[in-house]
Amino acid sequence: MRAGHGIAVLLRLTAHAQLRLADVLDHRPRHRPAHVDGPRNTARTARTAPSAPAVPATPTAPTGKAVPSAPSATPVPTAPDTTATPVGPPTTPTTPATPTPPTAPAEAPRPAPTAPTAPTPDNTGVAKAVLAVADRLANQELVRRLHKAVARIDGIGVISPAPGDAFDPLAHRWTDTRKAARRDDHERVAELLAPGFSGPTGTVIRPAQVAVYDNEGE
């Protein structure tokens with residue numbers, strides 16, 4: 001009876017107390033009813049159940065010798081600044097002026113080469129021959145035509161003074177005289193009767209035939 005009463009009390013204990021009581025009663029002979037062994041055995045099992053073995057950590061592969069780190073660069077000592085710090089506001093350095101290269105003197109313009117001129121042919125003989133024919137003609141119309149033809153010959157100049165021009169004995173032939181209405185007209189050309197002609201060098205081939213004013217007879 002005393003054992004059954006103890007079992008009833010045991011059932012009412014806490015699990016922690018059951019575990020401690022089981023340790024005390026563990027030395028008694030096992031002749032208790034089967035229903036009493038269940039809770040005690042459960043408590044013992046819960047107490048003595050071994051925990052799962054811990055999984056050993058996987059050993060890491062050896063990485064070999066540690067790679068020494070690269071030595072840090074030795075700092076290069078800087079040279080001390082020997083320049084004196086200027087006192088006062090900083091001045092802007094002036095840029096030296098760039099020397100101007102000497103300019104080449106301007107070359108004087110060269111005159112354009114002129115084409116050589118062909119020499120003027122001397123047609124003086126031709127002009128004299130035509131004038132000689134005109135002097136033998138009585139038809140004044142033919143004479144004027146021949147004079148115009150001579151004036152178109154290359155190198156031949158025409159002498160044709162206008163009324164009022166001064167008489168030039170080297171280039172004019174006094175063929176007729178006219179009475180002057182004014183004293184200032186004395187020895188001036190009154191009318192051109194026939195043109196004169198000159199050669200390439202200015203030589204007179206035939207003087208112009210003119211009428212001249214003359215006041216000496218008054």
Exam field: side chain Thr124 to backbone Asp122, donor-acceptor pair closer than 3.5 Å = no
Hey, does the side chain of Asn123 reach the backbone of Asp154 with a donor-acceptor pair shorter than 3.5 angstrom?
-> yes
Please report the shortest heavy-atom distance between Val158 and Ala151, naming the atom on each side.
-> CG2-CB, 3.4 Å
Minimal heavy-atom distance between Ala190 and Pro163, with the atoms involved, is O-CB, 3.7 Å
Please round to the nearest 0.5 Å and tell me the distance separating atom CZ of Phe167 and atom NE2 of His172.
-> 7.5 Å
Can you name the one residue among Glu141, His147, Gln140 that meets side-chain hydrogen bond (donor to acceptor under 3.5 Å, both in side chains) with Arg144?
-> Glu141
Side chain to side chain contact (heavy atoms under 4.5 Å, CB included) assessment of Asp214 paired with His186 = CA-CA 5 Å; Asp214 186 11; His186 179 65; 2.9 Å; yes
Using the rule that two of Ile, Leu, Val, Met, Phe, Trp, Tyr join whenever any of their side-chain heavy atoms come within less than 4.5 Å, decide whether [X] and [Y] are in one cluster.
{"X": "Leu146", "Y": "Ile156", "value": "yes"}
{"X": "Leu193", "Y": "Ile205", "value": "no"}
{"X": "Leu137", "Y": "Val150", "value": "yes"}
{"X": "Val189", "Y": "Leu192", "value": "yes"}
{"X": "Ile159", "Y": "Val212", "value": "no"}

Please determine if [X] and [Y] form a salt bridge, counting it only when a charged side-chain N lies under 4.0 Å from a carboxylate O.
{"X": "Arg206", "Y": "Asp135", "value": "yes"}
{"X": "Arg188", "Y": "Asp185", "value": "no"}
{"X": "Arg178", "Y": "Asp176", "value": "yes"}

Could you give me the CA-CA distance, side-chain angles and deciding distance for Ile153 and Val126, then say whether side chain to side chain contact (heavy atoms under 4.5 Å, CB included) is met?
-> CA-CA 9 Å; Ile153 296 175; Val126 178; 4.1 Å; yes
